[in-house]
Number of protein chains: 2
Amino acid sequence: MDGFVLRSKVVGSGHRQILAFHQAGDVPDLQSLFLHVLDHDVTTLGDCAVGFIPHGPLRQLITNRPKVAQALWRDTLTDAAIFREWICNIGQRDATSRVAHLVIELYTRLKAIGRTEALSFTFPFTQALLADAVGTSVVHMNRVIQELRGQSVLEMERGRISILDEAKLRRIADFDVLYLHLNPLL
Amino acid sequence: MDGFVLRSKVVGSGHRQILAFHQAGDVPDLQSLFLHVLDHDVTTLGDCAVGFIPHGPLRQLITNRPKVAQALWRDTLTDAAIFREWICNIGQRDATSRVAHLVIELYTRLKAIGRTEALSFTFPFTQALLADAVGTSVVHMNRVIQELRGQSVLEMERGRISILDEAKLRRIADFDVLYLHLNPLL
DNA sequence: CGTCTCCTTGAGTTAACTCAACGTACGTGG
DNA sequence: CCACGTACGTTGAGTTAACTCAAGGAGACG
């Protein structure tokens with residue numbers, strides 16, 4: 001309902017990979033609705049207001065109301081689409097692009113629910129967090145952020161991210177909004 | 001029904017990222033059932049026998065038979081779980097581990113449907129294909145494969161992958177089968 | 001005032017990349 | 001049946017992006 005939630009997984013080396021960020025309105029738990037065992041961690045990121053829906057009533061709802069079921073199913077499919085884009089992001093782009101891409105994704109999704117102000121939004125990140133999300137070391141993340149700052153593309157400070165040059169950021173990010181499937185009527 | 005299908009996406013640089021492999025019994029198209037616009041490519045890999053189910057009758061089936069709907073929904077959720085593991089694989093492991101992990105994943109999934117022989121299976125790969133799947137260059141993929149060959153862990157030749165030392169491969173891969181959710185009753 | 005978390009910087013190292021060339025197998029058409 | 005083209009694999013050499021280790025600085029907070 002408010003705040004941010006993240007999915008993550010710790011691999012054998014001890015490093016953590018963040019798999020997704022969720023915001024107000026998302027239902028992260030749907031990913032495990034029919035899996036019976038959670039294969040990753042789901043954590044709040046700072047202060048959060050969250051609601052819980054027991055699986056029992058939820059399954060009943062899904063059985064009795066096909067339209068609601070389809071809307072929820074659709075939600076899990078857009079999550080999957082975002083996972084796929086993250087695979088591309090981490091697999092094919094350099095660290096600077098990856099960060100830019102992540103920032104635009106967060107900005108775009110937050111804008112869709114009216115939680116941005118102009119070209120900025122609040123997000124309780126640390127550099128270590130961003131590093132875990134895009135698969136770089138913390139030190140390198142620091143240098144990438146300085147690079148983006150130096151180019152007057154982004155500003156990041158105390159839980160707030162501000163886009164200074166949107167066109168340039170989009171270019172660096174190689175961002176195509178399609179995968180977010182924001183328009184359900186399309 | 002037979003053969004392999006792959007999902008992929010081409011990024012701005014022109015490079016291709018493979019997002020998933022699908023085998024007999026999978027229904028790759030379910031990922032776009034409620035999205036109305038496909039955000040990535042789905043391609044056959046060599047000779048294939050595929051079946052098509054029009055969305056109309058499929059939606060009707062889903063509406064009328066909640067149990068079937070849940071089984072199909074579950075299928076899309078396991079696909080998402082695999083996407084998540086790929087994010088970890090590409091984001092956190094080195095190239096050798098990534099290849100090892102991919103091989104064990106393919107082997108495990110094929111074994112579940114009885115399409116392996118002993119510790120080997122047929123798969124129409126090229127080194128360029130594997131490179132696109134784990135996000136490395138072709139040249140580096142070649143060296144990684146030579147490394148695995150040299151350590152007597154794997155053999156790959158003419159569309160066949162053979163595991164020579166399963167324990168060692170699992171160790172290199174950092175593989176935990178959980179994310180495949182092979183047992184629906186768990 | 002000390003402690004904790006987070007950010008920053010420098011230096012050395014390594015994994016992976018690019019470019020370019022060459023080898024090899026296979027199939028096809030002359 | 002050979003010559004050629006194509007696709008795939010292999011190798012070497014030089015370069016670069018990113019990593020690790022280690023240390024120092026800045027702000028927040030009790």
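Letters A, B, ... mirror the listed sequences (proteins, then strands); counts begin at 1.
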When you compare the protein's N or O atoms with those of nucleotides 25-30 of chain D, which come within less than 3.5 Å of each other, and at what distance?
none

Using atom names, set out every protein N or O paired with an N or O of nucleotides 7-11 of chain D below 3.5 Å, distance rounded to 0.1 Å.
unit_1: dG9(D); atom_1: OP2; unit_2: Gln127(B); atom_2: N; d: 2.8
unit_1: dT10(D); atom_1: OP1; unit_2: Arg149(B); atom_2: NH2; d: 2.9
unit_1: dT10(D); atom_1: OP2; unit_2: Gln127(B); atom_2: NE2; d: 2.7
unit_1: dT10(D); atom_1: OP2; unit_2: Asn142(B); atom_2: ND2; d: 2.6
unit_1: dT10(D); atom_1: OP2; unit_2: Arg149(B); atom_2: NH2; d: 3.4
unit_1: dT10(D); atom_1: O5'; unit_2: Asn142(B); atom_2: ND2; d: 3.3
unit_1: dT11(D); atom_1: OP2; unit_2: Gln146(B); atom_2: OE1; d: 2.6
unit_1: dT11(D); atom_1: OP2; unit_2: Gln146(B); atom_2: NE2; d: 3.0

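Donor-acceptor pairing under 3.5 Å is recorded for the side chains of Gln31(B) and Arg84(A). Counted by atom type alone, Arg16(A) and Ser8(A) present zero donor-acceptor pairs between their side chains at under 3.5 Å. Side-chain atoms of His22(B) and Arg7(B) include a donor-acceptor pair closer than 3.5 Å. Side-chain contact check for His55(B) and Asp29(B): at least one donor-acceptor pair (N or O, by modelled atom type) lies under 3.5 Å. Of the N and O atoms on the side chains of Arg160(A) and Thr122(A), not one donor lies less than 3.5 Å from an acceptor on the other residue.
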Please list every donor-acceptor pair under 3.5 Å in which a side-chain atom of residues 57-68 of chain B meets a protein atom from a residue at least two apart or in another chain.
unit_1: Arg59(B); atom_1: NH2; unit_2: Leu33(B); atom_2: O; d: 2.7
unit_1: Thr63(B); atom_1: OG1; unit_2: Arg59(B); atom_2: O; d: 2.8
unit_1: Asn64(B); atom_1: ND2; unit_2: Gln60(B); atom_2: O; d: 3.3

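Separating the CE atom of Met141(B) from the C1' atom of dA15(C) is a distance of 14 Å, rounded to the nearest angstrom. If you measure from atom NE2 of His15(A) to atom C1' of dA18(D), you get 13 Å, rounded to the nearest angstrom. Rounded to whole angstrom, the span from the CG atom of Asp132(A) across to the P atom of dA18(D) amounts to 16 Å. Between His140(B) atom NE2 and dT16(D) atom C1' there is a gap of 14 Å when expressed in whole angstrom units. In this structure, Leu130(A) places its CG atom 13 Å from C1' of dC6(C), rounding to the nearest Å. Whole-Å rounding puts the Leu129(A) CG to dT5(C) P distance at 16 Å.
Screening residues 87-109 of chain B for salt bridge (charged side-chain N to carboxylate O under 4.0 Å, His left out) gives Asp26(B)-Arg109(B), Glu85(B)-Arg93(B), Arg93(B)-Asp174(B), Glu105(B)-Arg109(B) as the qualifying pairs, with residues at least two apart or on separate chains.
Ring geometry, Tyr107(B) versus Phe121(B): the interplanar angle falls from 30° to 60°, so the pair is classed tilted. In this pair, Phe175(B) and Tyr179(B) present their aromatic rings perpendicular. The plane angle is above 60°, beyond the 30 to 60° band.
The bend of the helix from dC1(C)-dG30(D) to dG30(C)-dC1(D), defined by the angle between the axes of its first five and last five pairs, stands at 30° to the nearest 10°.
Put simply, the residue from Phe4(B), Phe123(B), Phe125(B) that forms a ring-ring contact (aromatic ring centres under 6.0 Å, His included) with Phe21(B) is Phe123(B). The residue from Leu154(A), Asp165(A), Leu164(A) that alone fulfils the side-chain contact (heavy atoms from CB on, under 4.5 Å) condition with Leu148(A) is Leu154(A).
Contacts between residues 99-107 of chain A and DNA chain D, defined by a heavy-atom separation below 4.0 Å, involve no residue at all.
As judged by a 4.0 angstrom heavy-atom cut-off over every strand, Gly159(A) is placed among residues making no nucleic acid contact.
Of the charged side-chain nitrogens involved, none lies within less than 4.0 Å of a carboxylate oxygen, so that Glu147(B) and Arg143(B) do not count as a salt-bridged pair.
Residues Val27(B) and Phe34(B) are members of one and the same hydrophobic cluster, defined by side-chain heavy-atom contacts under 4.5 angstrom among Ile, Leu, Val, Met, Phe, Trp and Tyr.
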